[in-house]
Amino acid sequence: MIRRWGYVGITAVLAVVVAIWAVPELGRDTVTFVTIGQTGPDGGPPLPSLSPDLLIYPGTAQILLLAVGVGLLVQIYSTAYLGHHPRYRSYALVIVLFLIAMIAVVGTTNLWVLLVGWEVMGLCSYLLIGHEWESPVARAGAAKAFLVTRIADLGLVMAIIVIGETYGTYDIVGAQVAQSEQPRHATLIGLLVLVAVVGKSAQFPLHTWLPDAMPGPTPITALIHAATMVAAGVYLAARLFQLYADSQVVLTAMAVVAAITMLMGALFAWVQTDLKRALAWSTVSQLALMLAAVAVGDPEAGTDHLLAHGVFKALLFLGCGCVMLAVGSSALSSMGGLRRRMPVTFWTMTAGFAALAGLVPTAGFFTKDSVLHAIERATDGDRGLAAGTAWVLLVVALVTTFVTAAYATRLWVLTFFGAGHGAGPHGTLGQDVREAPLAMAGPLVVLAVATFALSVGQPLHLGTGLLSTVIAVAGVAAVLVAARRGSTLAWAPRPLAAELWLDRPFSRWILALGTGASRVVVELDREVVDVYPRGGESLAATISRGLGLAQSRNVQRYATVLAVGVVMLVVIGVVVS
Amino acid sequence: MSLLYPLLLSSALFGIGLYGVLARRNAVLMLLGVELMLNAVNLNLVAFDAWFADRMHTGQVLTLFTIALAAAEIGLGLAIVLALFRAVRTVDVDEVGR
Amino acid sequence: MNATEVVFVVLSVLAAGSALLAMTSRQLVHAALWLVVTLGAVAGCFVLMTAEFIAWVQVLVYVGAVVVLVIFALMLTRQGREQGSGTTAEVTGNRWIAAVLGVVAAVGLGATTIAGFGGERIEGRRIGTAASIGDALFTDWVLPFEILSGVLLAALVGAIVLSRSGSDR
Amino acid sequence: MSEVADVLVRCLVVVLAFLTLPLLVGQMEHKAMAHMQGRVGPMAAGGFHGWAQLVADGVKFVQKESITPVAADRRVFELAPAVALVPYLVAMLAIPLGPFFGHGVLIGHDLDLGLFFVLAAMSVGVLGTLMGGLGSGNKYSYIGGMRVAAQLMSYELPMVLAAASVAMLAGTLSLVGIADAFEPWWLLVQLPGLVVFFVAGLAELQRPPFDAPLADAELVMGPLTEYGGMRFAMFLLAEYAGIVVLAALTTVLFLGGWAGPWSDHLGWAWTLLKIAGVSFLVIWARVAYPRLREDQVNVLAWKVLVPLALAQVTLTTLVVVW
């Protein structure tokens, strides 16, 4: 027990340090350097330097605080949720490692340091998804997440190299300064960054790993796969926005990806029969919304929504964890009627679902409003994105808003209302279904409060705000009415239920392609390439057989040869002289 | 006394010791051959010391050093031979290599 | 040829002969014992050259310690297939090369010394008193002497480490 | 010519001493041991308290058949007793007995390096037992030989160190010089050295309680198992000669040799008296102590005697420098 709280203590120390560093920067608009280590002759770090080069941008302080704050809450939550797990220690320490990596990604201005943090996050994600490695599902999910994000990370590596080659520095600020003087290679950089973002933030078409990452412990899902790591993709897109802002190709591609992903994720979330998986698809959809904000040229709106989403999605996942602990499953069919048994979870998750649906006065409403407003502003076509694209994006976003409100309400209803489907032997809930312990409920309350508190001081855009509220209320109302009429809310067309077979390329075609290609390569290797090594080998063997005659492994023979040599040298020396 | 006697004895001992080191199959006896060669050297050192008779007694002192080092050498050498014997159950240098 | 020289020649023949026997004897124990004779004869040669201190050190260290150690090692490494007290010790295949080398080395060294020091004689002064050696050892040679003690210590430690059996290492 | 006569007389005296003193020690062992064990010991031979017992033993040994086992290494086996015996005779040459009625020191030959000479000779002497163990072709002898080798290697070091300590204090390696330089307070300063030297000497002689190599309960008689007749008698003689040499060395090095009243005239008698006393101690040790186990033998040498001897050398260094 004490040991568990020791890990909480470590996390708390980390959080306090970050807070001391970041809190004074909260309101700042200008860039402040906190450079540790050496700088190069031109002020930026010399090429591939690995000095931390810590730097707070406007807006990054919030993300840092979000990361360590959620991290601390998750750590506290885990003491109760996972405290008796035999591998709790590695779990807790990986969380700390993850947080440090996240700080490195968000807090640095050196692209290589960012890459290191990025990869460490990927590693932590892999380790934590596979935490229950006894189950094959967890192993497969971890491997899939690892492989997919690794492929996408190649994009980041190449983007970093291209940035370095283009602007002569691996420093983000330096690159931005150089870009403001003479922009170059915006499209290339932008596309490579987009690849990285698509992988990390689980956007179409590399989105399939995130739902499969759900076998990981629920607190981890809340921390990594909702609040921070996947958000880091969006963060990167926003951070490097200036470098590719001039490229209409990139922005259009990003908008298309965002549009497809947000609607697809929302629809998939609707049809899920598993609460946790539904929330995962919801995350994919919400991340796409943030990406849309970046695509229309308002990265601040994107990071704001990132912040709010981080809070309420962490809340939802943690609440989901409480429910799972109570009913022993994440299937919606085993839930229902929980609102009396688990009042804290019910009310806090209600706040979370409200934020997800974009209802006033939660933070989710205001930040989504900002995003919609940004998209709406882009429809005039002078913000880098073609007006037509922006219109399509706006429509898709509004549809998504409706679907989001609908599936949020559906999940809320199915989880907390009704008689309780099949949980007990006679359709009633079991006796052991009770409220989560304090260590789990506490973080929920904190996050619920934050869900409302973050809306303080957010800008309000009346037109879009009104529109989105109407749409969201419509979605909520439609579902509530259907539920009141006795619908099971199980409307799921086959293509949607199968998630449009989008996973098929990964699970079958690529596999088959890879297998076939591997066979060819193996044959090629065996029949063609191996000729050289084999020839070299036999040549070496022949030579060594010859030389081996001298290597008798007998010290005395060596000594004899040595003595013969000495005597001969002396004799020659005497004769010559 | 002629200086030649000890020098010639030394030459003979050195040759015999060399033969022993190169020809004996038993590792312990190889070490004995080394000891013989060292003794030949000692003999030379002492003989030249007696002939030269310097104040520092270089020859004799070096002989003392050689004897001490020979003792150390035989100690270490035999330790190695014993370790070898424990490992491969033989001290036959022809068989050890196999 | 005076009496000292006669005795020296006799000791020389004894030393060389027993050395030859030690290096050719088929029985390991005999080889070690012949070596004792050789070392003793060489010690006698030292005495004749008035290096008494060296002579007694030679007997004390070589005969008293080294040979006992060697015999001990021979006993410990006696191989099972060999019978009785005498462990056979064959010579290697390259014994003829070795013999030729030995002869060449001996003859070459002998020829060199004859050519170089043919007419020289050792004066009859005493060189080997304990006082003179001690004086030289602890004034001119004190640093090498101390270094030698370090070498001996290292050898001691090394021998102990090597001799510990594998299980308790 | 008188020089030659002098040498001859000295050699003769030494040989005489070599032949009689060990017998006296042997007789003393017979009688002292018997009385310590509540027996009377030999009483018949020679009449008075069996004084001629050892002579009779000798006659018996001579009469016995000299057997060499078939499996033995003949030459080694037959040479071993001589190798064991002769070095003690040589050692006795250099041991001084002391002033003889004002005629100078009674000694075979006063060597500048007497101490080294005696120690070197004693170290050769132990080869005899080793050869016996190796040459007998008997496994008990072989095991005994191994024990001898281990024991000799272990005890040579403390013995030489203890002797070196005295030589440092006296500032000479000559035995006469050491005995001459003796002062009574040395007894105190050199007490650890005395103990170390005496104990290590016992072990070198393989006398009880250090007779693990012979250990008749385990190894029949160790290296001496196959010996009989004259050869066995020579080993016995070597053992008693060894006791005499050890006692004499202890006396000269640590007990002041001939130091005592009227030493100018009766020094030799004092030395002999002290030798007899130390010899009695050797016999007493045999009666008083049980045999040490093989591992205890080595532990005693390396963990007790060597550190003690080193400490003694350090102490002596301090005394000398101060």
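Below, chains carry the letters A, B, ... as their sequence lines are ordered, and counting in each starts from 1.
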Can you tell which of B/Asn42, B/Leu13, B/Leu32 has the highest number of heavy-atom pairs within less than 4.5 Å of chain C?
B/Leu32
Mind ranking B/Ala47, B/Ala40, B/Ser10, B/Gly59 by heavy-atom pairs under 4.5 Å with chain C and telling me who comes out on top?
B/Ala47
Whether C/Phe117 and B/Trp51 hold their rings parallel, tilted or perpendicular, with breakpoints at 30° and 60°
perpendicular
So do C/Val70 and B/Leu31 actually touch side chain to side chain, heavy atoms under 4.5 Å?
no
Within the distance-only criterion (no hydrogens, no angle test), does the side chain of B/Gln60 pair as donor or acceptor with the backbone N or O of C/Ile54 below 3.5 angstrom?
no
State the OH-CG distance between B/Tyr5 and C/Leu11, to the nearest 0.5 angstrom.
13.5 Å
Where at least one partner belongs to residues 144-157 of chain C, residue pairs that pass salt bridge (charged side-chain N to carboxylate O under 4.0 Å, His left out), sequence neighbours excluded:
none
Quick check: closest heavy atoms across B/Leu4 and C/Thr113, and the distance to 0.1 Å?
CD2-O, 3.8 Å
Run the numbers on C/Thr38 and B/Ile16 for side chain to side chain contact (heavy atoms under 4.5 Å, CB included), then give the verdict.
CA-CA 12 Å; C/Thr38 308; B/Ile16 294 167; over 6 Å; no
Atom pair OH/CG of B/Tyr19 and C/Leu20 - distance to nearest 0.5 Å:
8.5 Å
Max heavy-atom pair count under 4.5 Å with chain B, selected residue of C/Ala19, C/Gly158, C/Ala105, C/Ala51:
C/Ala19
Among the options B/Leu69, B/Val28, B/Ile67, B/Asn44, pick out the one with the most heavy-atom pairs lying under 4.5 Å from chain C.
B/Ile67
Grab the two heavy atoms, one from B/Ala23 and one from C/Ala98, that are nearest each other, plus how far apart they are.
CB-CB, 3.9 Å
Please report the interatomic distance CG(B/Asp49) to OG1(C/Thr50), rounded to the nearest 0.5 Å.
8.5 Å
Pair count under 4.5 Å, heavy atoms only, with chain C: among B/Leu8, B/Val46, B/Ile80, highest is B/Val46
B/Leu9, B/Leu18, B/Leu7: which one forms the most heavy-atom pairs within less than 4.5 Å of chain C?
B/Leu9
Relative to the ring of B/Phe65, is the ring of C/Phe145 parallel (under 30°), tilted (30 to 60°) or perpendicular (over 60°)?
tilted
Out of B/Leu36, B/Leu82, B/Thr63, which one racks up the most heavy-atom pairs below 4.5 Å with chain C?
B/Leu36
